2 protein chains.
Amino acid sequence: MKRLLERIDREILATGGKRSRSRAVVIDRFFRARDHVTIEELTRSVRESAPGIGAVTVYRTLKLLERLGYAKELDFGEGARRYESNLSPHHDHLVCRQCGTVIEFEDREIEQLQDLVTRRHGFHPTAHRLEIYGFCRKCASGTSPERSR
Amino acid sequence: MKRLLERIDREILATGGKRSRSRAVVIDRFFRARDHVTIEELTRSVRESAPGIGAVTVYRTLKLLERLGYAKELDFGEGARRYESNLSPHHDHLVCRQCGTVIEFEDREIEQLQDLVTRRHGFHPTAHRLEIYGFCRKCASGTSPERSR
DNA sequence: CTGATTATGAAATTCATTTTCATCATATCC
DNA sequence: GGATATGATGAAAATGAATTTCATAATCAG
């Protein structure tokens, strides 16, 4: 973890940036956070250890991490973006419409078929997003719904 | 086409709504439009035949069509939503990052694998979205980029 | 037709995100 | 170590899509 932060700092320096205390806090909190955080959630978390930090800095830092390839923007259609770290390997998402739970999955076969389709259209793919929306086991089984977003 | 509009009008009446001239224009233009229109594009089109119609009405009408199952919201991460009609069968999208071209495709195999994954997680799916981003044949081949959005 | 209710458009509002700008912090050069 | 240039920060303002409000107009039911 410390290693990672140092590496990112070095990359920032190498691209003409400067280090900063606030940003270090944001990055640290981001990598420790549960997956798929919103800016708002992350800002709250950041302020636990550094109350003065503004949401703008969180926005900017996540844009930065995205540019460097450490974060990925997600949009589950909730009105606000979410971010996840790019440290874990590629995966897609199952999103429960009732309780908001997000399950990650990875399927080599689907990926391969996607490549095929893409090539068939002369397309050169750079990224894709696959989200399946529905109801998770708990919510589908008529059990009382959990937390709702 | 006329049939379709009449059918929609009947459904609106049946659910406690009223017919309206403005809405008829919006709906007509929507079904005639190229796929994947933004509200702004559609509003422009609508105003060709009825200059007085406000964007708000276009927003409202598309929400209505979505509720009735005739339209589908899309989000290619451009900042503004797009809508497509639900008349053609289900399909997914290849989106060119350079020129904005959207190619539609349909792949039974991918759909089946998605079902499998979903079931494996005890999930009850209601919808999914698969978008592959990249560069279309023209843009990938280094040819001069086309219109860019 | 009359009354009741929905639809409309303009303007105001909301809300996430971005930009601006004066100030602060960090790196660099001496 | 200090001066200086430049990047980073936070507060407030700006932006922009989408939604809500509200007074007025259109449409439906009896």
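Note that the structure is predicted; figures quoted are calculated from it, not measured. Proteins come first, then strands; the chains are lettered A, B, ... in the order of their sequence lines, and each starts at number 1.
Between the CD1 atom of I53(B) and the P atom of dA25(D) there is a distance of 17 Å, rounded to whole Å. The nearest whole Å value for the distance from the CG atom in D9(A) to the C1' atom in dG7(D) is 14 Å. If you measure from atom CZ of R19(A) to atom C1' of dA25(C), you get 12 Å, rounded to the nearest angstrom. Rounded to whole Å, atom C1' of dA17(D) lies 14 Å from atom CD of E41(B). In this structure, L65(B) places its CG atom 15 Å from C1' of dA7(C), rounding to the nearest Å. A straight line from CG of L62(A) to C1' of dT18(C) spans 14 Å, rounded to a whole angstrom. A straight line from CG of L13(A) to P of dA25(C) spans 18 Å, rounded to a whole angstrom. Atom CZ of R67(B) is separated from atom P of dT19(D) by 11 Å (rounded to the nearest Å).
In terms of phosphate contacts, R81(B) brings a side-chain nitrogen or oxygen within less than 4.0 Å of OP1 or OP2 of dT19(D). At the phosphate of dT19(D), OP1 or OP2 sits under 4.0 Å from a side-chain N or O atom of K63(B). Here R82(A) does not reach the OP1 or OP2 of dA16(C): none of its side-chain N or O atoms lies under 4.0 Å away.
Residue whose closest nucleotide on DNA chain D sits further toward the 5' end, between R47(A) and L64(A): L64(A).
The local environment of CD in E73(A) is crowded, with over 12 non-hydrogen atoms from other residues, nucleotides or ligands closer than 6.0 Å.
Taking only side-chain atoms of S20(A), from C-beta outward, the nucleotide of dT26(C), dT19(D), dT9(D) with the closest atom is dT9(D). Checking dC28(D), dA8(D), dT19(D) against every side-chain atom of Y59(B), the shortest atom distance belongs to dT19(D). Comparing dA8(D), dG10(D), dT21(D) against the side chain of R60(B) picks out dT21(D) as the nearest. The side chain of R23(A) has dA8(D) as its nearest neighbour among dT8(C), dA16(C), dA8(D). Comparing dA16(C), dA11(D), dC28(D) by their closest approach to the side chain of V56(A) singles out dA11(D). Nearest nucleotide to the side chain of I39(A), out of dA8(D), dT17(C), dT6(D): dT17(C).
The minimum heavy-atom distance between E66(A) and A71(A), with the atom names listed, is CG-O, 3.3 Å.
Residues H128(A) and H93(B) keep their aromatic ring centres 6.0 Å or farther apart.
At distances below 3.5 Å, not a single donor-acceptor pair connects side-chain atoms of R129(A) with backbone N or O atoms of F76(B).
Ring geometry, F135(A) versus H124(B): the interplanar angle falls under 30°, so the pair is classed parallel (tilted spans 30 to 60°).
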